2 protein chains.
Amino acid sequence: MQTIEQLLESKDIRVTAMRLLIYKFLAQKQIAVTLSDIENAFEKADRTTLYRTVKTFEEKGIAHQIDDGTGITKYALCEEGCSCEIETDLHLHFHCNICNETICLTEHKIPQIKVPEGFVSENVNLVVKGICDKCSGH
Amino acid sequence: MQTIEQLLESKDIRVTAMRLLIYKFLAQKQIAVTLSDIENAFEKADRTTLYRTVKTFEEKGIAHQIDDGTGITKYALCEEGCSCEIETDLHLHFHCNICNETICLTEHKIPQIKVPEGFVSENVNLVVKGICDKCSGH
DNA sequence: TCATTAAATGCACTTCCATTGCATTTCATT
DNA sequence: AATGAAATGCAATGGAAGTGCATTTAATGA
């Protein structure tokens, strides 16, 4: 079991206090968060720093961006089974229309999507919208 | 076969010159367009009018919004097979990473997506990204 | 330890798109 | 023609993404 510091270093990400905090914040969240969410959690930090931090995480492959259709970009740490660095990655996310939260369903695989002749599929973004378990009361 | 006027009226949309033009513009396009695309096509018209027109089309169920992950909302007329008014609609769109165009693949159906216990699926948004037939040279 | 250098951070802006309020015009109906 | 409702146009706002530059912080070697 490695520490967060070791994880960051192994991914060629310089360890700073800010980055550790942001990593822990993302790790603790079970849901994908917006930049504003992070901003609210760290009022002392500057937007730009947070923005560039998640961008760095993204580039280095420890977080990925989620477009859940709300128009606001969300971010989540990559977990086991998350293969967002692979070109033919299959993202699967669930967006709750009630609580507005977006959850990664990494264990749920997406069937191969067929595209017409001449089309080359490089990436698939799949967002299921509806009511999450908390809001449905089950 | 009905005229555009009849179609609009049947959907409870008041017929105006502007709306006819915008409808024709959307109908002629094979791809989903942004507000700016429409704006460029009708430089005389105001952004707001175009914006509200597509919103009206959307509400009345003759057009639908597409979120292809570029961060910019696109719009397309509903075609046969487009069931975006149905709750359990399955959108399928293809976004070309080269020409940046987004195409509706209405004839391609999406398999039912399973969600975990307690989750209720109301809607699915699926965007396949890659290279379109024109850009792949086939 | 100190100096050097590169990266990270903070601040100020800019840009782009989505959206709204309000005044005016157009349209449908009587 | 008069009335009321809807459509349009103009102006402005707000939110989020992104960038340039100065400053601070951290890693490195002398």
Side-chain angles (χ1 to χ4, degrees), chain A residues 3-26 32-60 62-76 95 100 102, chain B residues 4-6 8-26 32-60 62-76 95 100 102:
Chain A
T3 63
I4 300 176
E5 282 88 342
Q6 288 168 338
L7 170 67
L8 294 183
E9 278 169 2
S10 75
K11 293 286 183 174
D12 207 29
I13 302 171
R14 210 146 138 180
V15 176
T16 68
M18 200 69 244
R19 286 174 176 179
L20 285 173
L21 286 172
I22 295 173
Y23 185 93
K24 284 174 189 164
F25 176 75
L26 291 174
V33 297
T34 65
L35 241 204
S36 296
D37 291 335
I38 307 176
E39 204 184 348
N40 293 333
F42 301 99
E43 299 200 347
K44 285 174 269 184
D46 187 76
R47 269 191 78 79
T48 315
T49 304
L50 306 174
Y51 172 74
R52 286 198 259 240
T53 299
V54 291
K55 285 292 173 192
T56 300
F57 284 1
E58 217 186 315
E59 284 163 18
K60 302 297 187 179
I62 65 167
H64 64 268
Q65 197 171 329
I66 299 163
D67 174 12
D68 65 4
T70 55
I72 302 170
T73 304
K74 296 188 177 177
Y75 303 91
H95 175 73
N100 212 34
T102 299
Chain B
I4 300 176
E5 283 88 343
Q6 288 168 340
L8 295 182
E9 279 169 1
S10 75
K11 293 286 185 175
D12 207 27
I13 302 171
R14 210 146 137 180
V15 176
T16 68
M18 201 70 243
R19 286 175 175 176
L20 286 172
L21 286 172
I22 295 174
Y23 185 93
K24 284 174 189 165
F25 176 75
L26 290 174
V33 297
T34 65
L35 240 204
S36 296
D37 291 335
I38 307 176
E39 204 183 350
N40 292 334
F42 301 99
E43 298 201 344
K44 284 174 270 185
D46 187 76
R47 264 193 84 79
T48 317
T49 304
L50 305 173
Y51 172 74
R52 286 198 259 239
T53 299
V54 291
K55 285 293 174 193
T56 300
F57 284 1
E58 220 187 313
E59 284 163 18
K60 302 297 186 179
I62 65 169
H64 64 267
Q65 196 172 330
I66 299 163
D67 176 11
D68 64 5
T70 55
I72 303 170
T73 305
K74 296 187 178 177
Y75 303 91
H95 175 74
N100 213 35
T102 300

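Computed from heavy atoms alone, side chains included, the values below leave out hydrogens, waters and symmetry copies. As the structure is a prediction and not an experimental result, all values here were calculated from the model. Just so we're on the same page: letters track the sequence lines, and every chain starts at 1.
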Check your understanding: With a 4.5 Å limit on heavy-atom distance, are the side chains of A:L26 and A:V33 in contact?
Key -> yes
Practice item. Looking only at non-hydrogen atoms, find the nearest pair between B:R14 and B:R19 and report the distance. Key: O-NH1, 3.0 Å
Review point. Whole Å only: how far is the CD atom of B:E39 from the C1' atom of D:dT8?
Key: 15 Å
Check your understanding: With B:F42, which residues qualify under ring pair (Phe, Tyr, Trp, His ring centres under 6.0 Å), at least two apart?
Key -> B:F25
Point to revise | Residue-phosphate contact under 4.0 Å: A:R47 side-chain N/O, D:dA16 OP1/OP2 | key: no
Check your understanding: Can you tell which of C:dT19, C:dT9, D:dG9 lies closest to the side chain of B:D46?
Key -> D:dG9
Check your understanding: Which residue, B:I72 or B:A17, contacts DNA chain C at a nucleotide closer to its 5' end, judged by nearest heavy atom?
Key -> B:I72
Practice item. Kindly state which residues belonging to residues 52-59 of chain A come within less than 4.0 angstrom of DNA chain C, counting heavy atoms of the residue only, listed by number. Key: A:R52, A:T53
Practice item. Could you go through the side-chain contact (heavy atoms from CB on, under 4.5 Å) check for A:L20 and A:L8 one step at a time? Key: CA-CA 9 Å; A:L20 285 173; A:L8 294 183; 4.0 Å; yes
Practice item. Go through the steps to decide whether A:E39 and A:T34 satisfy the test side-chain contact (heavy atoms from CB on, under 4.5 Å), and finish with yes or no. Key: CA-CA 9 Å; A:E39 204 184 348; A:T34 65; over 6 Å; no
Point to revise | Nearest-Å distance for atom pair CG/P, residues B:L50 and D:dA7 | key: 15 Å
Practice item. Enter the distance from B:D37:CG to B:K74:NZ here, rounded to the nearest 0.5 Å. Key: 7.5 Å
Check your understanding: Expressed in angstrom and rounded to an integer, what is the separation of A:R19 atom CZ from C:dG10 atom P?
Key -> 11 Å
**Study point:** Phosphate contact (C:dA8 OP1 or OP2) by A:T49 side-chain N/O below 4.0 Å
**Key:** no
Check your understanding: Reckon A:T16 has a side-chain N or O less than 4.0 Å from the OP1 or OP2 of C:dT9?
Key -> yes
Check your understanding: Is there a side-chain contact between A:Y23 and A:E5, using heavy atoms and a 4.5 Å cut-off?
Key -> no
Practice item. Ignoring backbone atoms, establish whether B:T73 has a side-chain N or O less than 4.0 Å from OP1 or OP2 of C:dA18. Key: yes
Study note, to complete from the structure: Whole-Å distance, B:D68 CG to C:dC17 C1', equals 14 Å
Review point. Atom CG of B:L8 and atom C1' of C:dA28: how far apart are they, to the nearest Å?
Key: 16 Å
**Study point:** Side chain of B:L35 - closest among C:dA18, C:dA12, C:dA28
**Key:** C:dA18
Review point. Quick one: A:Q65 CD to D:dG18 C1', roughly how many Å, whole number?
Key: 13 Å
Check your understanding: Taking the side chain of B:A45 as its heavy atoms from C-beta onward, which of D:dG9, D:dA27, C:dT19 lies nearest to it?
Key -> D:dG9
Check your understanding: In whole Å, what is the span from the OH atom of A:Y51 to the C1' atom of C:dT15?
Key -> 13 Å
Exercise for review: Could you state the atom-to-atom distance from CZ of A:R14 to C1' of C:dA7 in whole Å?
Suggested key: 4 Å
Review point. Between D:dA16 and A:S36, is there an OP1 or OP2 to side-chain N/O distance shorter than 4.0 Å?
Key: yes
